[in-house]
Amino acid sequence: MFESEGRGSSRSERPEKRRNDCSKAFVQNCGKRVDVEPSQPPRVRRDATVLPRLPTMRRYGPPSPKAARPNASSGISAFDMGISQEEWDRLQKAFDWPGPDHEITQLNLTTSPVYTTFSIVRLNDTYKIGDKIRVTITARDHIKNLKTYGGDFFQVKLFNLKLKASVYGEVIDHRNGTYTVDLLLPWEGQAQVSVRLMLSSEVVWILKKYWETFPRSNYIGYFEGPGPNGVKIREEVDCNLKWGSLRSWSKGNCCCEYKDVKTETVWQCDRPKQLSCDYWVYHSYGLMENHFTPFESHLFASKLTNVGIAGDSHIISVVPNTAGIDDAERCRSGLTTPVPAGFYFQDVWKSFVCNTRRFSPSQTAGCLQNKVLYLLGDSTTRQWFEFFQRRVPDLKGMNLQTDPKVGPLMAVELTKNIIIHWRPHGFPLRFRIMPAADVHYLSNEIDYITGGRHTVVVFTTVAHLVLHPLTFFVHRMANIRQAVIRLLKRAPETTVIIKSGNTGFTKTEYGIEWYRMQLNTVVREIFSDIDGVIYFDVWQMTSCHYTHENIHPVPVIISDQIDMMLSYVCP
């Protein structure tokens, strides 16, 4: 969702700004966060279920749970988020998004994908590699009137399907209903422009309106323990994060409260009818909630969102250029990400950030020799784990008696001394049923890593947090930021890579794509001033590829991502 070096789809025309160190206060309250797995929620049972008799009961769940009552703490402040007020003000400017100054309640006045068009400015007969073309987008409503304000969410790319070539274009929002995109011509051959209206400015206005609303995603806690006459029983209850005062989640027979001391994150579950709070064993995703009015929901209709718009369909001819495009430097930390960050040609990603290499299976094993690789976050880093299992010769998965989709997972190669871990981040987590004790907060995991030149840490945090308040996401990032700083202080030679969230236009009615782009901006801003951290922008890679966007990118994209990551580890 957002990035300054690989920014999202639409950026307002405004001056650049400098970022300062971002977490100067310690966090007080805690919050919630979410990830979205494309699956159906489990059936929720509210009554106790009798299970087979057990001779004895073993105690499960997090340490020191306690019964709790809803509190009436103050609202969310910058201090609660773990940052200074100055930093919060700067973050707000970074993800500022224009739009109408009031809510639009008539469909005819919203942006129309039918009457919105694009054109290529001063189209030439031929171009050379390295030239640029300018595309202008003109937004109109459903009665063909020109829009007078910005805020529409577009995605633009240049592509050639036969060559499996494509490049991302950043949209500049002029805040008056017009937009421009400068597209680089990086390959020889033909190319065409593609423009999609992802969400109208009126839909984005709605998304901002509900950004701090929750719950938008619910979860289930499974409690197991001894019932009457020694019979084991199971109870299923609603669970969610606790965040702030008016935003504190509580309903039903509230509550069992589980507070992580280090992150100060509080997870709440309705109190079971028969069991105590000590017997929380499993966690899973629950139902999602839509708070939109009928009219608002109508604006998310498929004919209005993620729709290609009409425009200049000319075939652009690109001829060789003896000057070529400047070669990128060696991959290392501290590099900025330009727009575009690279391009695809014959399904291979050519980076403009740094000089990426192509790694064969044996070269991959050689690069990872004597390395411990920690992949943390969500199912997109699990895809990396699974890819390494397929690519690295003799890398064997260890049987940790865990579900291969929820982890934690571990694989080793003994000859070259390679160890790879994967673990999901902490609550909230939209995974299928998994032991609650296996859900660890990412900042805590980073604190448990010794680090050093043999250690590579990769994490991502965006996908499951899009259905929770922005203020909580900032709080979570501030915690992770401090953990990364501590890691680099004790082991400065550690390789730390932050993988951005990727595109994957799923669950349109929840506006997840726009939220995902915005959260990317927060991550980039918060970590922008930490020396030794690599920000790996995969948004551009996934938004311009020819395959249908999915929260889980296809193997060819994963392969290109892995090659780029290894280019930082073994430049």
Side-chain angles (χ1 to χ4, degrees), residues 3-7 19 129-130 165 167-168 184 186-187 321-375 381 384 387-388 391-392 416 418 420 451-460 484-485 487-489 491-500 502 520 523-524 527-542 544 556-571:
E3 323 141 349
S4 85
E5 312 148 347
R7 303 170 178 85
R19 301 98 176 169
I129 290 176
V167 65
Y168 169 89
L184 180 70
W187 65 80
N321 187 345
T322 54
I325 298 177
D326 292 340
D327 291 332
E329 61 178 299
R330 178 180 64 88
C331 294
R332 58 175 176 80
S333 64
L335 298 176
T336 57
T337 306
V339 179
F343 68 100
Y344 285 105
F345 186 77
Q346 300 294 357
D347 254 350
V348 175
W349 179 258
K350 167 63 176 178
S351 174
F352 293 142
V353 179
C354 60
N355 186 21
T356 54
R357 297 169 49 195
R358 300 287 288 174
F359 288 79
S360 67
S362 61
Q363 290 172 329
T364 300
C367 177
L368 295 179
Q369 184 168 358
N370 296 319
K371 295 282 194 305
V372 182
L373 172 59
Y374 295 89
L375 302 173
T381 48
W384 286 24
F387 187 87
F388 279 121
R391 177 181 281 191
V392 178
K416 293 188 178 295
I418 301 169
I420 303 178
R453 63 187 305 175
H454 64 282
T455 303
V456 180
V457 180
V458 180
F459 67 86
T460 188
V484 169
I485 291 173
L487 171 61
L488 293 176
K489 280 184 177 179
E493 292 183 301
T494 307
T495 300
V496 178
I497 299 174
I498 306 170
K499 185 177 80 68
S500 75
N502 54 259
N520 276 343
V523 176
R524 186 196 64 249
F527 287 91
S528 62
D529 289 335
I530 302 180
D531 293 335
V533 169
I534 299 160
Y535 184 78
F536 184 8
D537 174 13
V538 301
W539 179 269
Q540 295 190 46
M541 297 178 72
T542 55
C544 75
V556 66
I557 297 179
I558 298 298
S559 178
D560 287 323
Q561 291 177 355
I562 295 295
D563 282 338
M564 189 162 181
M565 184 272 282
L566 292 174
S567 296
Y568 282 100
V569 178
C570 301

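All values below were derived from every heavy atom in this structure, side-chain atoms included, with hydrogens, water molecules and symmetry-related copies excluded.
Glu493 is linked by a side chain to side chain donor-acceptor pair (under 3.5 Å) to nothing, counting only residues two or more places apart in sequence or in another chain.
Using modelled atom types, one side-chain atom of Thr460 and one backbone atom of Lys499 make a donor-acceptor pair closer than 3.5 Å. Ser500 places a side-chain N or O within donor-acceptor distance of the main-chain N or O of Val538, the cut-off being under 3.5 Å. Between the side chain of Gln540 and the backbone N or O of Tyr168, no donor-acceptor pair lies under 3.5 Å. Judged by distance alone, the side chain of Arg357 and the main-chain N or O of Cys570 form a donor-acceptor pair under 3.5 Å.
Remark: Ile558 CD1 to Asp563 CG distance equals 11.5 Å, nearest 0.5 Å. A distance of 4.5 Å separates CD1 of Ile498 from CZ of Phe527, quoted to the nearest 0.5 Å. Once rounded to the nearest 0.5 Å, the distance linking CD1 of Ile420 with CZ of Phe387 reads 11.5 Å. Going from atom OG1 of Thr337 over to atom CG of Asp537 covers 5.5 Å, rounded to the nearest 0.5 Å. Between Cys331 atom SG and Met565 atom CE the span is 12.0 Å, to the nearest 0.5 Å. Atom CE of Met564 sits about 10.5 Å away from atom CG of Asp560, to the nearest 0.5 Å.
Ring geometry, Tyr344 versus Trp349: the interplanar angle exceeds 60°, so the pair is classed perpendicular (tilted spans 30 to 60°).
No side-chain heavy atom of Trp187 sits under 4.5 Å from any side-chain heavy atom of Gln346. The closest side-chain heavy-atom distance from Trp384 to Gln561 is below 4.5 Å. Counting heavy atoms from C-beta outward, Phe359 and Ile562 have side chains that stay 4.5 Å or more apart. With contacts defined as side-chain heavy-atom distances shorter than 4.5 Å, the pair Ile534/Ser333 qualifies.
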Taking only distance into account, with no hydrogens and no angle test, what donor-acceptor pairs under 3.5 Å do side-chain atoms of residues 366-373 form with protein atoms, sequence neighbours excluded?
| residue | atom | partner | partner atom | Å |
| --- | --- | --- | --- | --- |
| Asn370 | OD1 | Asn417 | ND2 | 3.3 |

Just do the side chain to side chain contact (heavy atoms under 4.5 Å, CB included) check on Tyr568 and Val353 with the steps written out, would you?
CA-CA 11 Å; Tyr568 282 100; Val353 179; 3.5 Å; yes

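Residue Arg358 places its CZ atom among more than 12 non-hydrogen atoms of other residues, nucleotides or ligands, all under 6.0 Å distant.
Taking the six-membered ring for Trp and the full ring otherwise, Phe459 and Tyr374 have centroids separated by 6.0 Å or more.
In summary, of the residues considered (Val457, Leu375, Val458), a side-chain contact (heavy atoms from CB on, under 4.5 Å) with Ile497 occurs for Val458 alone.
Listed here is the closest heavy atom pair of Cys544 and Val167: CB-C, 3.9 Å.
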